[in-house]
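Just so we're on the same page: letters track the sequence lines, and every chain starts at 1. Here the structure is a predicted model, which means the values were calculated and not measured.
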Amino acid sequence: MSNGFFNELNEKKISRRKFIKWSGAVSAPVVLGGIATTGNMVKKAGAELAAKKADELVLTTCSTVNCGGRCLIKAHINNGVVTRLTTDTKADTFELPQLRACIRGRGYRQFVYNPDRLKYPMKRVGKRGEGKFERISWEEAIDYIAKELTRITEKYGPASRYSNYASGHSGSIIGAGNMIQRLFGLTGGYLGFHNSYSSAQTTNATPFTYGTTQTGSTLDNLSHSKMIILWGHNPVETRFGVTDFYVRKAKENGVKIVVIDPRQSDTAVALADEWIPIAPTTDAAMMDAMTHVIITENLYDKSFVDQYCVGFDENHMPDGVPEGESLKSYILGEKDGVPKTPEWAEKITRVPASTIRRLAREYATNKPSALMQGWGPQRQAYGEQFVRGGTVLAAITGNVGVKGGWASGAGYISLVKTTAVPKGDNPVGLTIPCFLWTDAIVRGTEMDAKDGVKGLAEEQDTLPVNMKAMFNLAGNTLINQHSDCNKTAEILSDESLLELIVVSEIFMTPSAKFADILLPSNTFMERWDVGTTWAPSQQAILSQKCIENMYESKSDYEWMTMLAKKLGVEQKFTEGRDELAWIKWSIEESRKTDPNFPTFEEFKKEGIYQVSLEGNSVVAFEQQIKDPKNNKFETPSGKIEIFSKALWDMNDHEEIPAIPKYISSWEGPEDPLTEKYPLQLIGWHYKRRCHSTFDNNKWLEEAGPQVMWMNERDAATRNIKDGDRVKIFNDRGEVHMPVKMTNRVIPGTIAIPQGAWWSPDKDGVDQRGNVNTLTSQRPSPLAKGNPQHTNLVEVARV
Amino acid sequence: MAQLGFYINNDYCTGCKACVVACKDKNDNEVGVNFRRVYEHSEGDYVERDHAVIQNIQTFFTSISCNHCENPKCVEGCPTGAMYKREEDGVVLVDHDKCVGCKYCVWNCPYGAPQYNEVLGKMTKCDFCIDLISAGENPACVGSCPMRAIEYGPIEELRAKYGNVSDIKGLPNSSITKPNLVITAHRNAK
Amino acid sequence: MIQAGLMGADKIEWMNARKYMYQLLIVMFSTPMSQESYSLIKDNVQTNGFPEEISDGDFLKSFFQEEESFAIQKAREDYFRLFVGPDSLPCPPWESVYRGKDRALFDYPTFEVRDLYSSFGLEMKKQEGQHDEADDHLIYELEFMSILIDKVLDADSPAEQTAALLGQKKMLDEHLKKWIPDLAQDILTNASSLYFQGSANILNSFIQFDSELVNELL
Amino acid sequence: MHEWSLLIFTLCMQAAIGGTVMLLIFYKKLSKLDPEQQFHVMKLPLVVIAGLSLIGLAASFTHLGSPENALNTIRHLGSSWMSREILVTGMFIAVACGAAGLAFIQKKVNVWLLAAGAVIGLFDIYCMGAIYYNTLVSGWNSINTYTSFYGTAFVLGPILIVSLLVPFLKAKNEELAQAFVKNAFYIALGGIAIQLIGVAIFGITAPEVNQIAGVNVMDALEGYQTTVAIRWMIEIIGIFFIGYLSIAMNKKIPIYFAYGALAVLIFAEGMSRYVFYVMGA
């Protein structure tokens, strides 16, 4: 380097003239008031210049998306960045199996560091649903929400405020939905919801048989069963904790496994000795036929029925019920003249009569046997009948409360209980079925107890006001997971109905397009929480914060604290705790009820609290069966209610029968609409998505492309070839997507994996393959639940 | 160390592809480059007797990476000698200094193991996660299988433990390259 | 305080010109177009004053001929759509996305740039509990250049000047020149407003020109 | 189907090799002319053959992912047919270019070089065939691979040479040109015969599938039946053209028709090779 390098400038290629001319081009220093052209960088705190390369830190954590698996994720962190993910590597034993990440858990690095993540709070500028937003600061966003919320509450009252059901990254202990309802509760109350999109029908119907939904046993039971029937249950893809691990262990012990499902699911392929294809919405008919065989061939457990059941036959009926209403009389067709024989069922279910007869005999004679019900078939127009049908079969064959048996029904059980942050009470005290939120927007004031509204006071017979403010946090149920997207889109786009929609999301999902205020949410690696699984939950994992919040994202609790401050209830809302403090509080609370729940320090070090099944094996209703004297069922009659007086008193016998009956479903195989739309459509939980999360992950798209399954016969008659792009349509909507021609689905039925992001073109035709473009908003009669596997459609080449 | 090999319990493979994505995550592979692949094999048909449906649909999944064969045709056919079989544990590797990206090994491998990487312009393949093994860990795919259906180890041990079936329906005949692979066949794959 | 002996008056003027250029680019890419920035750029920047190597493909000229409020609105919309979100970004302004392994953030470029900043005693301004932007965001790389130009101007010894210029050379050659052309190309293909087509051209051509200039100076 | 570079490579090489063989056959007759005139006539074909082989070489490079390692490709002669083929092809190209260069310098065609080129060329086609024959791709490990390669050489070679030689020759020696076209016609017919034999054998052997993701060749070619049919029609038309030319030479049909026939045949052989690579897709 010459001494003063400037003085050689003249000989250099860049001529002076050019410099002179150029230097005048940008005259005034371009420093704008609001724009910090400098100042984003500051002198380095602490003198050490070249940061020593910190050695790798490995933290155990887990995601808190609404996934049943809850796998252990180990984040390898190098100076503040997650560079690699691994999963559980401890010893893998029968009592304490490893919680290995499935295909979804493997793609989390692309989830956290995806460039398409929402980064800044945004305000809608175009029409609602148009998807035009501009960046605003957090203060602006919180001010706007506070101002609007107060205005709406004053104008319409607190009952117009609603926080939507969410199946996304909704957290658990300190979940977004609970926290906003806590905040609403402190500022006048809100319209709450009951049920869920996963299990509305089974949560409502099971108690009418057993008085509770806790009908599940620990999975080590399965190794003692002689036979397992997985009815519409596909744990391999839906990931109910480590169910597939235990079902495999059972299979190794020679247990016969039968899967009944319109699709030959991955569970049927890997675990089942036999797959029985059945037409959707007809499961109850097959159950009735099986009951017919069990009764007529005297295979039922007489003593069990006498001692523990009500409503089996005429002399086990509660009083005040006319003749011929018992299970036996219905099955033998004494009143309606139609005996529910396997031949009768064959025409409805398409299952050969001989198969029904054989299965019934096998199930009744091989004791104990486990009839495990999946949540798919209960998500139908008359899903309640399927649920109670399963419980009745388990009862009359005496498989309830015995090791190796299974009480069927909802099947909830959790060995590990965690305490969530309390929601506090809700002065408004009203809840609606979560599936009817669109009705609450358009005709809220007409919704009464018949619509499933709970908590109505004496003088109140309907909801006081339509829904006006919607908080859709960490969920895609605003449009993607809710039925009938086109109709929902219309309702949302009408700005006179909902006056405020706040969405907090990680990505730009179809629901986020309808936001007025769009808040960037952080991911599980940037916040604290504790994760558990769906039933049977055998473990809790500390969802540790591994990295700082990305961009300007915040966890829902963080921005709600700002909102609470703005609304003047910060102290009551936070009780002086931040997110981590609440987790520590929750752990202490859990330790009160479960002494060997680890302390926060142990939990942080260990990362996981897993209850070994050794000595903790639970069999549902074991006490009620062993010692019925002082262990009654929680039903009105204290017994298993095959005939439910409570249902009878609702006297809507056609839609809500007192005993489980097959009801020919609207848009079912016998609906006259089949002339126009001959094919039945069902959805299924796809292994590459957790509801709609991960739909934008390209690795998972390669592993599981979004294709519709169609039987080769149905495709041939419509001259469709494998891989063609087809249109699937009915009166509610139209979807264009590629088809996979396969015999792994029963003829007459097609299947679309649920959860793909709704991508309508300009005339509302979905181009991605969202099954909810075609599903109906007509709720099931008892639970008012979502009937998303009850659809009739037609398919044609595009 | 003796010749390494894989064991797959075909009977329990659910086709969930956790192994495929775990391998991609570990090797940072692009879409389209899969060192481990899961193939679905489905046959059989329906008989409709008036309204009833009788089926004999037989489906199973097979997870295959590279079987580091005894006499690998990819090594035999490779013009540059880039594809070579390591002495110490018989793992077949690609030497990127020699590989010319002619893709001839793709046509020679019965199991689709060589995966061409457009960006690199060279062939890449399963290397048995020798770095993880030497660090005492399991290969990415073995540790990822929810059904515990993939194991690895010296091939003789695997054969002693699980027999020496390496031919099932849908898989090319093992006589071609003598794969170091032991399979417990799915009931539909025999 | 500028050491008289070290630099002639016109050299200082050239350094300032480069600094103003970087600040102009920061303004263009760090905030959405507003009335204020519109008039400021319109009055202070004569694109025909640029040397031939730096050209905006006279998009800016025609941009300023457009009706003002329409032009501003289009530029604003483009800014959010191209760089901020909420939809998937056609041109994410991070080096890691362009040079990294799988188009994700926080890849090796982030760390290289972070080391380069810290070798000059600089680091990202940290908000409490907030990750904030990745270090290799376009704005911070441009700001680093303008800070280093100040260092050249305020240097007390030729050695310091050279060190600062070497820092600029490293940022230009090992980073900006490697991803700005692709970013500029993405902006050109995706931008709908003339403003960003113009600024993309300026950004790209200036980076090439500046790199030549710095190499000349060293 | 993305093997365009290989399609061009194989077609060019086989045409060049076929041409060399034809030149060798015609050489005896051509030597009747005085050397200076003989060179003048043979100059163009020699250049075209060298040119074709260089185009083929270039095409093969575009097929490589990392051409910088190209020198390594002959290190595995022991077991890899690919190595052997590259070596032999390299030798043929050297000889072909050498022959053309030498001819220009000495203004005389060196018959020994020509003969060497022909021999190496024929062996080269065998190597090319062996590459595909030894893979596990369903449909390639059959005699049809060899016959279609040799067939292409003996169809395109003669027609190429004839369409280059005869325009000059016609002015000087009418019936020699006539004889050449007739010879070319017969050899081309032979070429087609070889291919037909190969197709017949291919038809009767049951192709097994030795690759896990491999598709039975019959299914792979299912969509290409029409293409194959069209290909044979064009081939026949091209050959018919040459046949007509060979008998009706004097009726003032401009010899440029031979170029037309050549183009048609190249297109037909191109289609055949395209279908061949579909099997490997």
Side-chain angles (χ1 to χ4, degrees), chain A residues 69 71 84-89 92 97-98 100-107 109-110 236-237 239 242 244-245 248 251 264 266-271 273 275-279 346-355 687-688 698-704 711-713 742-744 746-748, chain B residues 9-34 36-38 40-61 132 136-138 140-149 184 186-189:
Chain A
C71 48
R84 196 160 78 94
L85 292 182
T86 52
T87 186
D88 197 350
T89 48
D92 187 20
Q98 282 179 347
R100 294 180 173 183
C102 79
I103 182 174
R104 306 191 279 261
R106 292 282 149 187
R109 221 155 43 83
Q110 293 200 338
V236 156
E237 277 188 285
R239 311 296 312 156
V242 279
D244 48 4
F245 172 80
R248 168 190 161 150
K251 182 176 178 190
Q264 187 182 48
D266 292 352
T267 306
V269 167
L271 296 172
D273 300 309
W275 165 52
I276 301 177
I278 184 170
E346 175 179 297
K347 280 190 282 305
I348 300 168
T349 63
R350 314 199 71 182
V351 179
S354 55
T355 309
K687 58 180 173 239
R688 54 134 312 159
K698 56 185 185 346
W699 279 354
L700 299 183
E701 180 69 20
E702 183 191 23
N711 188 285
E712 281 164 12
R713 291 157 186 278
T742 170
N743 271 336
R744 289 179 61 191
I746 188 172
Chain B
N9 189 333
N10 194 242
D11 207 4
Y12 289 120
C13 177
T14 66
C16 78
K17 296 188 181 174
C19 54
V20 174
V21 179
C23 169
K24 271 177 101 82
D25 186 38
K26 189 247 170 192
N27 294 302
D28 248 341
N29 279 337
E30 298 290 320
V31 168
V33 176
N34 293 305
R36 181 169 277 276
R37 298 155 306 286
V38 172
E40 174 183 332
H41 190 96
S42 183
E43 54 190 36
D45 202 350
Y46 286 83
V47 168
E48 290 190 50
R49 190 165 41 84
D50 54 66
H51 207 65
V53 152
I54 299 145
Q55 51 87 19
N56 66 349
I57 307 301
Q58 302 181 331
T59 311
F60 60 90
F61 297 102
L132 291 184
E137 293 179 44
N138 285 337
C141 53
V142 172
S144 73
C145 177
M147 295 301 285
R148 282 76 174 167
T184 303
H186 187 277
R187 63 190 181 290
N188 293 335

TODO: Could you look at A:E237 and say if it's the side chain, the backbone, both or neither that has a heavy atom under 4.5 Å from chain B?
DONE: neither
Open item on the list: Is A:Q264 in contact with chain B via its backbone, its side chain, both, or neither, using a 4.5 Å heavy-atom distance?
Closed with: side chain
Open item on the list: Whether the side chain of B:N10 engages the backbone of B:F61 through a donor-acceptor N/O pair (distance < 3.5 Å, no angle test) should be reported.
Closed with: yes
Open item on the list: With chain B as the partner, which of A:V242, A:T87, A:D244 has the greatest number of non-hydrogen pairs under 4.5 Å?
Closed with: A:D244
TODO: Could you look at A:V269 and say if it's the side chain, the backbone, both or neither that has a heavy atom under 4.5 Å from chain B?
DONE: both
TODO: Answer whether the closest heavy-atom distance between the side chains of B:R49 and A:P352 falls below 4.5 Å.
DONE: yes
- [ ] Check whether any side-chain heavy atom of A:L85 lies under 4.5 Å from a side-chain heavy atom of A:R106, and answer yes or no.
- [x] no
Open item on the list: Between A:A353 and chain B, with a heavy-atom cut-off of 4.5 Å, which part of the residue counts as in contact: side chain, backbone, both or neither?
Closed with: neither
- [ ] Answer yes or no: is there an ion pair linking A:D266 with B:K17, defined by an N-O contact shorter than 4.0 Å?
- [x] no
Task: Heavy-atom contact with chain B under 4.5 Å, split by part of A:A703 - done: both
Task: Approximate separation, where rounding is to 0.5 Å, of B:E48 CD and A:R350 CZ - done: 4.5 Å
Open item on the list: Over 60° means perpendicular and under 30° means parallel, so tell me whether A:W275 and B:Y46 are parallel, tilted or perpendicular.
Closed with: perpendicular
Open item on the list: What part of A:R239 gets within 4.5 angstrom of chain B, counting heavy atoms only: side chain, backbone, both, or neither?
Closed with: side chain
TODO: Identify which part of A:R713 has an atom lying under 4.5 Å from any heavy atom of chain B, answering side chain, backbone, both or neither.
DONE: side chain
TODO: Against chain B, label A:R84 side chain, backbone, both or neither, depending on which of its atoms sit under 4.5 Å from a heavy atom there.
DONE: side chain
